[in-house]
Amino acid sequence: VQLQASGGGLVQAGGSLRLSCVASGRTFNNYVMGWFRQAPGKEREFVAVISRNSYSTYYRDSVKGRFTISRDNAKNTVYLQMNSLKPEDTAVYYCAAGLSLTTSATSYGYWGQGTLVTVSS
């Protein structure tokens, strides 16, 4: 499956952005979808994950209550709505597709190219 992420940009602290990731090539609803991020000089980290049918979602603690992951299987798209953004949210955000509902990046076999989110203070 091929993944194309978009929606990043520059935003002031407290602002919002919505990331999108469009999948192609294989049946989208066969995959668990996740969002990860990597800040400069840091390792890639889990942000959020959503199950195939949207029944289950999980978030890293630092984004709970601010970020919402969702998917539209009819549009082969997963979203990450990010509200109340903080400078520490600055990173390249990646979408990923996998077969297991997990927070481990190594379990995801397909990755998008990343989209940069910059939050200014």
Side-chain angles (χ1 to χ4, degrees):
V1 61
Q2 291 79 44
L3 303 174
Q4 181 72 39
S6 62
L10 174 63
V11 64
Q12 288 188 333
S16 298
L17 282 174
R18 188 176 81 155
L19 306 183
S20 300
C21 175
V22 180
S24 61
R26 297 200 180 195
T27 305
F28 179 68
N29 58 9
N30 282 347
Y31 295 92
V32 168
M33 297 300 298
W35 285 98
F36 293 76
R37 66 187 182 187
Q38 187 166 17
K42 295 187 177 181
E43 294 186 353
R44 190 170 300 189
E45 63 183 19
F46 164 77
V47 176
V49 62
I50 188 166
S51 61
R52 294 171 179 82
N53 52 18
S54 300
Y55 286 175
S56 297
T57 58
Y58 297 98
Y59 300 88
R60 72 179 298 105
D61 287 345
S62 62
V63 308
K64 285 180 181 177
R66 299 189 297 122
F67 290 12
T68 302
I69 188 171
S70 62
R71 66 190 293 165
D72 185 338
N73 287 344
K75 295 183 177 179
N76 291 352
T77 303
V78 61
Y79 305 97
L80 185 68
Q81 178 67 44
M82 305 185 295
N83 299 329
S84 302
L85 281 161
K86 303 176 180 180
E88 51 263 43
D89 295 318
T90 295
V92 177
Y93 283 71
Y94 299 88
C95 57
L99 300 178
S100 300
L101 193 66
T102 175
T103 63
S104 172
T106 58
S107 296
Y108 291 80
Y110 303 95
W111 292 82
Q113 85 288 1
T115 185
L116 176 62
V117 172
T118 304
V119 184
S120 63
S121 57

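Side chains are part of it too, since the values below use all heavy atoms of this structure and drop only hydrogens, waters and symmetry mates.
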Asker: Give the minimum heavy-atom separation between A23 and F28, together with the two atoms involved.
Answerer: CB-CD1, 3.4 Å
Asker: Mind checking whether V92 and V11 sit in one hydrophobic cluster, side chains of I, L, V, M, F, W, Y counted as touching below 4.5 Å?
Answerer: no
Asker: Can you measure from CE (M33) to OG1 (T77) and round to the nearest 0.5 angstrom?
Answerer: 9.0 Å
Asker: Show every disulfide bond (SG atoms under 2.5 Å apart) that has at least one partner inside residues 12-53, sequence neighbours left out.
Answerer: C21-C95
Asker: Could you tell me which non-hydrogen atom of T115 sits nearest to which non-hydrogen atom of A5, and how far apart they are?
Answerer: CG2-CB, 4.3 Å
Asker: Test side-chain contact (heavy atoms from CB on, under 4.5 Å) on V117 and L19 and set out the steps.
Answerer: CA-CA 9 Å; V117 172; L19 306 183; 4.0 Å; yes
Asker: Any link between W35 and V22 through a network of hydrophobic side chains (Ile, Leu, Val, Met, Phe, Trp, Tyr) touching at under 4.5 Å?
Answerer: no
Asker: Once side-chain hydrogen bond (donor to acceptor under 3.5 Å, both in side chains) is applied, do any residues pair with T102, and if so which ones, sequence neighbours excluded?
Answerer: none
Asker: Report the residues that fulfil side-chain hydrogen bond (donor to acceptor under 3.5 Å, both in side chains) with Q2, sequence neighbours left out, ordered by chain and then residue number.
Answerer: none
Asker: Any sub-3.5 Å donor-acceptor pair from T90's side-chain atoms to T118's backbone N or O?
Answerer: no
Asker: Using side-chain hydrogen bond (donor to acceptor under 3.5 Å, both in side chains) as the criterion, list what pairs up with N76, not counting sequence neighbours.
Answerer: none
Asker: Kindly write out the residues that satisfy side-chain contact (heavy atoms from CB on, under 4.5 Å) with N29, not counting sequence neighbours, or none if the list is empty.
Answerer: T27, N73
Asker: Using a strict threshold of under 4.0 Å (side-chain N to carboxylate O), is an ion pair present between K86 and D89?
Answerer: no
Asker: Please table the atom pairs, donor to acceptor, closer than 3.5 Å between any side-chain atom in residues 42-51 and protein atoms at least two apart or in another chain.
Answerer:
unit_1 : atom_1 : unit_2 : atom_2 : d
E45    : OE2    : R37    : NE     : 2.7
E45    : OE2    : R37    : NH2    : 3.1
S51    : OG     : N53    : OD1    : 3.0
S51    : OG     : S54    : N      : 3.4
S51    : OG     : Y55    : N      : 3.1
S51    : OG     : S56    : N      : 3.0
S51    : OG     : S56    : O      : 3.4

Asker: Measure the spacing between CG of L3 and CD of Q113 and express it to the nearest 0.5 Å.
Answerer: 9.0 Å
Asker: Answer with yes or no whether the hydrophobic clustering places L101 together with W111; edges join I, L, V, M, F, W, Y residues whose side-chain heavy atoms lie under 4.5 Å apart.
Answerer: yes
Asker: Taking a hydrophobic cluster as the set of Ile, Leu, Val, Met, Phe, Trp and Tyr residues connected by side-chain heavy atoms closer than 4.5 Å, whether directly or through intermediates, do Y59 and V32 fall within one such cluster?
Answerer: no
Asker: Tell me, which pairs form a salt bridge (charged side-chain N to carboxylate O under 4.0 Å, His left out) where one or both residues lie in residues 68-84, sequence neighbours left out?
Answerer: none
Asker: Strictly by ring pair (Phe, Tyr, Trp, His ring centres under 6.0 Å), give each pair with a member in residues 67-107 just once, sequence neighbours left out.
Answerer: none
Asker: What distance do R52 atom CZ and N30 atom CG have between them, rounded to the nearest 0.5 Å?
Answerer: 7.0 Å
Asker: For residues 94-114, which residue pairs qualify under salt bridge (charged side-chain N to carboxylate O under 4.0 Å, His left out), counting only residues two or more places apart or in two chains?
Answerer: none
Asker: Taking ring pair (Phe, Tyr, Trp, His ring centres under 6.0 Å) as the definition, give me every residue that meets it alongside Y110, ordered by chain and number, with sequence neighbours left out.
Answerer: Y31
Asker: Are L99 and F36 linked, directly or through intermediate hydrophobic residues, by side-chain heavy-atom contacts shorter than 4.5 Å (ILVMFWY only)?
Answerer: no
Asker: Are T68 and L80 side-chain neighbours, meaning at least one heavy-atom pair lies under 4.5 Å?
Answerer: no
Asker: If you look only at pairs with a residue in residues 41-94, which of them pass as a disulfide bond (SG atoms under 2.5 Å apart), with sequence neighbours excluded?
Answerer: none
Asker: After noting the C-alpha distance and the side-chain angles of M82 and S16, does the key distance pass the side-chain contact (heavy atoms from CB on, under 4.5 Å) rule?
Answerer: CA-CA 5 Å; M82 305 185 295; S16 298; over 6 Å; no
Asker: Can any side-chain N or O of S84 pair as donor or acceptor with the backbone N or O of R66 at less than 3.5 Å?
Answerer: no
Asker: Not counting sequence neighbours, which residues clear side-chain hydrogen bond (donor to acceptor under 3.5 Å, both in side chains) with S121? List them please.
Answerer: none
